[in-house]
Amino acid sequence: MELNRRNFVKMLIGGAAGLQFTPLPWKLTDDIAIWTQNWSWLPVPQAGEFTLEKSVCTLCPGGCGIEVRKVDGRAVKIEGRTDYPVNPGGICPIGMGGLQLLYNKSIRFTGPMKRVGPRGSGIFKDISWEEASRMLTARISDLRKNGKPESVAAIDGNPGRSTMAMMVERFIKAIGSPNYIRIPSIEDTYRMSNIIMQGTEGPMAYDLENSDYVLSFGCGLLEGWGAPGRVFNAWGNWHEKSQKKNIRIVQVESRASNTASKADRWVAPRPGTEAALALGLAGVIIEKRLYDDEFINYNTFGFHDWKTADGTNHTGFKTMVLKNYSPAQTAEITGITPDRIISLAMDFIKAGAPIAIYGKGKGTLNGSLYECMAVQTLNALAGNINMPGGVIIHDPLPLNPLPAIKADAVTRRGLNRPRIDQAGSKRYPFSNSLVNNLTEAILKDSESPVDTLLVFSSNPAFTLPDHGRFEKALKKVPFIVSFSPFRDETANMADLILPDHTCLEKTNDIVWPTGLQYPMYGLARPVVEPVYDTRNMGDVIIGLAKRIGETTGASFPWESFEEVVKTRVMGLYNSGGGIVDYDGSAPAWKQQKQRGIIDQGYASFNDMWKKIKSGGMWYRPVHTYKNREGLFKTPTGKFEFFSTQVETAVYEYSKQVSRNKALKAFGIKEKGDMAFMPHYNPESAGKKETAYPLLMVPYEIINLCSNWIPGPPFLNKTLFDNELRGNDSFAEINPATASEYGLKENDRVIIKSQVGEIKVRISLFDGAMPGIVYVPSGFGHTAYDEFLKGKGVNPNDIIQAGKDPLSGQPVWWNTQVQLIKV
Amino acid sequence: MGLMHMKNPANSRKKPSKGGLFFFLAGLIPSLIIGWVIYPMVLYSKQAQPINFSHSIHMNPEIVDGIEGDTEIEKCLYCHEFREDGTFAGIPKLAKCTECHDDPDSALGESEEEKKFLSKYVANEKEIPWYSYYRQPDCVYFSHIAHVKMGEINCKTCHGDHGKTDKLPVYQANRLTGYSINIWGRNIAGYKTNTWDRMKMDDCAECHTLKEKEGNNACFVCHK
Amino acid sequence: MEEEHGHGNKYGMVIDLDKCTGCGTCMVACAAENNLSVRPDESDKQHSITWMSLYKISNGKKFPDTEYSYFPRPCMHCNHHTPCVSVCPATATKIDFNTGIVSQIYARCIGCRYCMAACPYHARSFNWWDGYFPKGKGLERYLSPEVSPRMRGVVEKCSFCHHRLMRAKTKAYTENRRELEENEYITACAEACPVQAITFGDLNNPEHKVSKLAKSPYAFRLLERLGTEPKVYYLSTKDWVRKFADNYLPGEFKPVTSPKG
């Protein structure tokens, strides 16, 4: 009985044998097998109760209906609504990825902050809302006390007619500063074109769905132009195989974009010559007398030559076009053969319900004013203004205006000072904002005229053409406040951050989705609890105003932003005849054509308000087509081919200088009557230099964010590897051009302009016009996180923004460049 | 007996030393004890539920009035309900409790546990952090309504007579896998006598194989 | 090998390439619906994970006659000799003949990637890394509990959103129904497509739009001659687009339209 080696072995054998008769080894094996399937560091999404919350997407002014799928209050998916008239069913890829913008902590401000690192470094320190508000209001109050309220300026990217934009403008004005400056967009071009030609203030409304021939001048129909959800839906309907109507889509654009490729016909004029093409088509229509006589004779001014009371002879549009834009002349300018010009014009005018629409890509930035007007003449010639499938003229949405601001002596004095950007002055009579002029004004003097710059819902340091100059200007501004929810390039330059909610967390409205043919109001409501310590910008503005007090505070008598929205929506109720629900059985644009009487479906204002809040919509799909009585509110009361307002503006300005100098100052090269009519004004950014033989044209794609919103990381999956590879983005050039420069696919090149250079790789693209370098917009962030920062380059880096004639807005669509192989 | 003999290795080889069986058993018995008694104790962590809940009291119509339902299943479903979309709510949320226990200051019964429940959770509107006995791994999808409503399977078939218990069992989790003891079964040997004793894939498959005609044997029916 | 059932459902998809605009919403919807991991660099297409992929094709003509089109490519859910299923040594991927869905069970997958080699459509992706959800970033907060996130070392692919089938069935059971109506179960991509290019439904049900479209003279499938019987059909009136569906010897391709494409 001794524990010797032998017995010890026996004991071990006994133990081992014993274990075989216990569950231990078997259970352990099983558990280990299960354990190997456990990846404790992988997230396990919590299950719970599923709910669906309806709202409206406010990531762009298109305002699609969305439905957020939630699990116990946590948002897990965004989907399109089938019960929303704008976009029955689908949404765009950016909206679809919206949750990544909501939750991604590294691209958002999680609360109010103040800058501690150098400007641009993005190093901030958390502060309280109390402290943040105190810092800003003390500064503004001081400026008011010193009688310099006008040195507060705001840059606002909220859609033009939205209540949020109205709040920002009101806040700036109530402080006593006229310097409310908006980011340029295609809406500006539409607005000015409508004022000049039609005298109307309403939005551009294209009845696309009822048209059978859509002639698009540069509109990125499939790139995100207009209200993308609506345009895509229309595209689907146009291409329905059971569709009986012969619907044709023609795209005018120099590059084979998705729209151009998918269109029935692609016409590729040299970039920047679209106006000449439109006028060339007009020439064919006029020459063959195929225009709508009735409309031209009764509803237009300046078509035929005329003589004024004092006996001066004037050239009309007809003569001007026939003289300057014959097919041969147009071919010379645009590069489109005369045959094609003629056949295109004939196809257009002979279609049942043709429409010519204008845009540049998504419409993130402005277009060319004369170009927009030239396109509009085609609609006039076709007589499709206020006709089914044509351009509809509407009054603005009948929202209640807000009461006039209260103003004390300081405010009044401040508001009487000239705007820093000169918009609305005699030199820029039709523009309401010129952000590039602001940049120049800040850079001009040793001391910046802007002391405190407030930035709302925009990222000009990324989206503006020639944003390098803008950033230089920013560095001179003593104090910058950003209200952005995102850690964007501009916010990184700010001294103080008062972060707004992101789109799913706040009340916000869409006043008339861009380009829609019937009046529509969309209301987004918070569908998730705020994820971080942010606040609705509208509420913050009210709070700031009240804190400043005096008449500034008195101008904001409301308790909350929602109250302001409700006050405005009251106007919709008073106007009568709107609908607040949509069941999808008949598309809204069909209802419009049927001109039926509509059942509003609400009894009182409160009932309607409740329904708008939950359904997110008010719209009125009725319209009296064909009625042109009192439609045009120009000085002549007619559609003006020859703009009397432009003539007057030049006359007014020429009181200071000579007429020729006035025209030159306006950027108009023509001298005679042609100056007051839509015409082709060769324009490019910067002077022509032979050292820069190529043109760079920025282009937009639907799955890349070129506006102020950061792109959701999901979008990176949708980019091809000849769009982005590693951190390199690509420039598309025609293989013929490439071989001239000895370039192959994937070669690295420097694109150099007169203001800078960018490094890209080459993608050989048959759809690129020879001689043009196409660079996508939306890459090249220097802010944000690993999904966006440092990926690709931003064409805005090297755009030398010129001035669009008449409007004064930037010319960004063609820049002279040279290519240097690396 | 000389020491010489004892020390002769050749001799000892021929003649087994005494106590061999003893040492064998000395190894065998402790290992059996380790395997059957100690191992299960070490393997599973024990957590008491935050408060006790008596199913039997709530299911007794003489004590609790208002748990409606003609059958036992219906009574179970009164609290463990199907949501509108057909998904199963599982352990009820506090809102379900407060349908009856709505006033934190007046208890409906006399138990200390109820008072604790009222003061700690109802008064603070705080959800009770229950331990779930039957949580399956993330890769598993299970539709209660398919089984209970369409398959007409009793709750009891998988969950046992839970409705008749007065005390909530202690929650035990496998330290290696993190899963509840109810998944592998309380019997450490893995034997099951009742259908509710275990909830592994084989147990699901057992039934699914029997009812294959109904065609619910695709992988994705149970996996996500 | 199991017998193919003629009865039951046969879920399938028809994608109208004339409508498809290449916007990528289907890809994003799919990624959001199915908890796809997004890594900081998604540009290496050999390593990035997509269930629905887009291919851009060109008619090969010179400017200005160039034309582009797109092929959205989910898993084809091959109905016959399903290549991935026949090679999987772990039975991690299987076809269900009651629905036609080819499923992939991640917990079962051993990561040998034989299926990826077998798949003629490149519809499968391998997880070279764990799902990318860095701590403290908050990205895990939008994950759906209906689809299990994947770990490194397993293969994943389009599931025809079979969790949506289960979701729809669960809902139908509340109304005591076992059969689903058309459109009660559709995939996330079909639902999201803003031009309604994707139609989803039961190919065995003659009433369903999808089975009508699949019989269209413009309908075709990818690599049809392999005999895998994909349940994803494409529609195109353009011959140059249709030609991309297979490798044709000269003269082998039969145009269905007048040759203008």
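Bear in mind that the values here come from a model prediction, so they are computed numbers and not experimental data. Order of the sequence lines sets the chain letters (A, B, ...), proteins ahead of strands, with each chain counted from 1.
- The contact between A:F765 and chain C is made by backbone and side chain atoms together, counting heavy-atom distances below 4.5 Å.
- The contact between C:C193 and chain A is made entirely by backbone atoms, counting heavy-atom distances below 4.5 Å.
- No other option in A:I94, A:I702, A:V71, A:N258 has as many heavy-atom pairs under 4.5 Å with chain C as A:N258.
- Of all the listed residues (A:L222, A:L724, A:N104), the one sharing the greatest number of non-hydrogen pairs under 4.5 Å with chain C is A:N104.
- Counting heavy atoms from C-beta outward, C:R221 and C:V232 have side chains that stay 4.5 Å or more apart.
- Cation-pi geometry between C:R152 and C:W128 is not met: the NZ or CZ atom fails to fall both under 6.0 Å from the ring centre and inside 45° of the normal.
- Per-residue counts of heavy-atom pairs under 4.5 Å with chain A were compared for C:T50, C:D18, C:L213, C:L139; the largest is that of C:D18.
- Two residues are said to be in side-chain contact when any heavy atoms from C-beta on lie closer than 4.5 Å; C:W51 and C:N34 meet this criterion.
- For chain C, the option among A:G97, A:A268, A:G726 with the highest count of heavy-atom pairs below 4.5 Å is A:G726.
- Comparing C:K137, C:M151, C:M52 by how many heavy-atom pairs each has under 4.5 Å with chain A, the most go to C:K137.
- Each of C:P40, C:G138, C:S144 has some count of heavy-atom pairs under 4.5 Å with chain A, and the biggest count is that of C:P40.
- With 3.5 Å as the limit, one finds a donor-acceptor pair spanning the side chains of A:S254 and A:Y774.
- Ranked by non-hydrogen atom pairs under 4.5 Å with chain C, the options A:M96, A:K70, A:E723 are led by A:M96.
- In this structure the side chain of C:Y142 never reaches within 4.5 angstrom of the side chain of A:V76, judged on heavy atoms.
- Heavy atoms closer than 4.5 Å to chain C are found in both the backbone and the side chain of A:A256.
- Nearest heavy atoms, A:E253 versus A:A260: OE1-CB, 4.2 Å.
- In terms of heavy-atom pairs under 4.5 Å with chain A, the best-connected choice from C:L235, C:L36, C:V38, C:D65 is C:V38.
- Using a 4.0 Å cut-off between a side-chain N of Lys or Arg and a carboxylate O of Asp or Glu, C:D130 and C:R150 do not qualify as a salt bridge.
- Among residues two or more places apart in sequence or in another chain, the salt bridge (Lys or Arg N to Asp or Glu O under 4.0 Å) test is passed with C:E140 by none.
- With a 4.5 angstrom heavy-atom cutoff, C:I198 does not touch chain A via any of its atoms.
- For A:N734, the part sitting under 4.5 Å from any heavy atom of chain C is the side chain, from C-beta outward, and nothing else.
- Heavy atoms closer than 4.5 Å to chain C are found in the side chain of A:R69, but not in its backbone.
- Both tests do not hold together for C:K56 against C:Y70: distance to the six-membered ring centre under 6.0 Å, angle to the ring axis within 45°.
- Figure legend: C:R113 and C:F126 shown as a cation-pi pair, the cationic atom lying under 6.0 angstrom from the six-membered ring centre and within 45 degrees of its axis.
- Two residues are said to be in side-chain contact when any heavy atoms from C-beta on lie closer than 4.5 Å; A:C57 and A:I91 fail this criterion.
- Highest contact tally toward chain C, considering only A:Q37, A:E240, A:K717, A:K241, is held by A:K717 [criterion: heavy-atom pairs under 4.5 Å].
- Counted by atom type alone, C:S53 and C:R73 present one or more donor-acceptor pairs between their side chains at under 3.5 Å.
- Note: A:P45 leads A:G90, A:P45, A:P88 in heavy-atom pairs under 4.5 Å with chain C.
- Proximity to chain A (any heavy atom under 4.5 Å) is shown, for C:A31, by both the backbone and the side chain.
- A salt bridge links C:K238 to C:E67: at least one charged side-chain nitrogen sits closer than 4.0 Å to a carboxylate oxygen.
- A:R725 touches chain C through backbone and side chain together, each having a heavy atom under 4.5 Å away.
- Looking at C:F133, the atoms closer than 4.5 Å to chain A (heavy atoms on both sides) all sit in the side chain, from C-beta outward.
- With chain A as the partner, the residue from C:L54, C:N35, C:D44 showing the most heavy-atom pairs under 4.5 Å is C:L54.
- Looking only at heavy-atom pairs under 4.5 Å with chain A, the residue among C:A29, C:S48, C:G131 that has the most is C:A29.
- With a threshold of 4.5 angstrom between heavy atoms, C:R167 approaches chain A through side-chain atoms but not through N, CA, C or O.
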